[in-house]
Each structure stands twice: as structure tokens, then as C-alpha cells.
Amino acid sequence: MAKCISVAAILAVGLLGGCGSTPVSLYSDNTMKKKEYNGIKAYKKGLYEQAFYDLKEPAVLGYKSAQYTLAFMFLKGQYLEQSTKLGMGWLGVAKEAGVENWSAQYDAFYSAATTQQKQQIDETVELYITQFGVKAQNMTCRRSTSPRRTFGEVKIDCTKHEGSVTEHDIQIIE
């Protein structure tokens, strides 16, 4: 079920049931970046429940590193029920960031899938891009130009632009 909200509204009252949208604020973007960072940090420490709760909000709002990490939580069954379909959905939308390694991982998993799994993956990726992709969530993502890398990996810097977005719930069970 979709909910129309802005990132600013998330900070104000959490998840809203109505469809009143307001412009996104810079503070909200920074808050989501902090949640994404904290979620990845918790994931690296093996604190999967905490990681999920930190990552789910930035992931649905289009933050690519959160989506990438959430993908592996589904693929490996870390805190969440293991699901190739849902994991590949998140990995498919995360690869919008243009990170070669992410695309290579997606391609390797995809090539190992059965024909039926590929069809389910294709449908899930298409849906996730329409719900959580950069265009749907009014995002710009780019590889960081900073020489420092987060957790020894590629750092993707995503920025939310002014305007309202629609937040969709995360499907956690196939």
C-alpha cells in the first residue's frame, strides 16, 4: 500500500496514512544519509535487526547504498526471511547507481537463476524501480569524489530533490 509523504513529513510524524505532501528539506536528506550510514555500520557488525530498521526508510526513499545492503540481507536471510526474488529486486534497483561491482553481482546471480526465477526477478526489479528508483523518488546519485571510502567500499552519494515523493511499504515476505 502506497503512502504519499515527503521526507520532511517522515521526521515530523513518522509514517503518515494520508496523502498530504510537503517539500523535502535538506535536514531530512541529511537524516536519511545518517540512517543509511548507521544501518551499513550495524550490518558490518552483524547487527542485522538494527541494520534493517536503520536501512528500510532510506531504501524506500531511493538511497542506493541502503538498497544494496538490504538486497544482501534478503539474499542471505540475515534477520529477514531469505528471498532471492526480493533480494534481486533490491539489488536491481540499487544498480541504478552505476557501480560496476553491483551490476556484476546482479548479473552473476541472474545468470544462475532458472527461467521462472528470472521472470519473477524481472517483474520485481521493474516494480522496485517504479517505486524506489531515482526518478520515482526524485533522487540524484553519484559516486563520491572523496578519496575516503565508507567501509572500504564504493561510496555512493544520493541527494533528495525538492518535491513530494510516494513511500511504498517494503515487502518482507514473498
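Just so you know, these numbers come straight off a predicted model, no measurement behind them.
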Asker: Drop me the distance from Met73's CE to Tyr43's OH, to the nearest 0.5 angstrom.
Answerer: 7.0 Å

Asker: Do Tyr79 and Tyr53 have side-chain atoms, one donor and one acceptor, less than 3.5 Å apart?
Answerer: yes

Asker: Can you tell if the side chain of Gln78 reaches within under 4.5 Å of the side chain of Thr69, non-hydrogen atoms only?
Answerer: no

Asker: Report yes if the side chains of Ser65 and Trp102 come closer than 4.5 Å at any heavy-atom pair, otherwise no.
Answerer: yes

Asker: Answer yes or no: is there a side-chain heavy-atom contact under 4.5 Å between Lys64 and Val93?
Answerer: yes

Asker: Could you report the tightest heavy-atom contact between Lys95 and Ser103, atom names first, then the distance?
Answerer: CB-OG, 3.9 Å

Asker: Quick check: Phe72 with Tyr68 (ring centres under 6.0 Å apart)?
Answerer: yes

Asker: When you measure from the side chain of Gln82 to the backbone N and O of Lys76, does any donor-acceptor pair fall under 3.5 Å?
Answerer: no

Asker: With rounding to the nearest 0.5 angstrom, report the CD to NZ distance, Glu57 to Lys35.
Answerer: 3.5 Å

Asker: Are any side-chain N or O atoms of Glu96 and backbone N or O atoms of Ile129, one a donor and one an acceptor, separated by less than 3.5 Å?
Answerer: no

Asker: Under a 4.5 Å cut-off applied to non-hydrogen side-chain atoms, are Phe109 and Ile121 in contact?
Answerer: no

Asker: With distance as the sole test, does Gln67 use its side chain to make a donor-acceptor pair with the main-chain N or O of Phe132 at under 3.5 Å?
Answerer: yes

Asker: Which atom pair, heavy atoms only, marks the closest approach of Ala59 to Trp90?
Answerer: O-CZ3, 3.7 Å

Asker: Could you report the tightest heavy-atom contact between Tyr110 and Met88, atom names first, then the distance?
Answerer: N-CE, 3.7 Å

Asker: Within the distance-only criterion (no hydrogens, no angle test), does the side chain of Gln137 pair as donor or acceptor with the backbone N or O of Gln131 below 3.5 angstrom?
Answerer: yes

Asker: Tell me the closest heavy-atom pair linking Pro58 and Ala66, and the distance in Å.
Answerer: CB-CB, 3.9 Å

Asker: Does the side chain of Tyr128 come within less than 4.5 Å of Leu91's, by heavy atoms?
Answerer: no

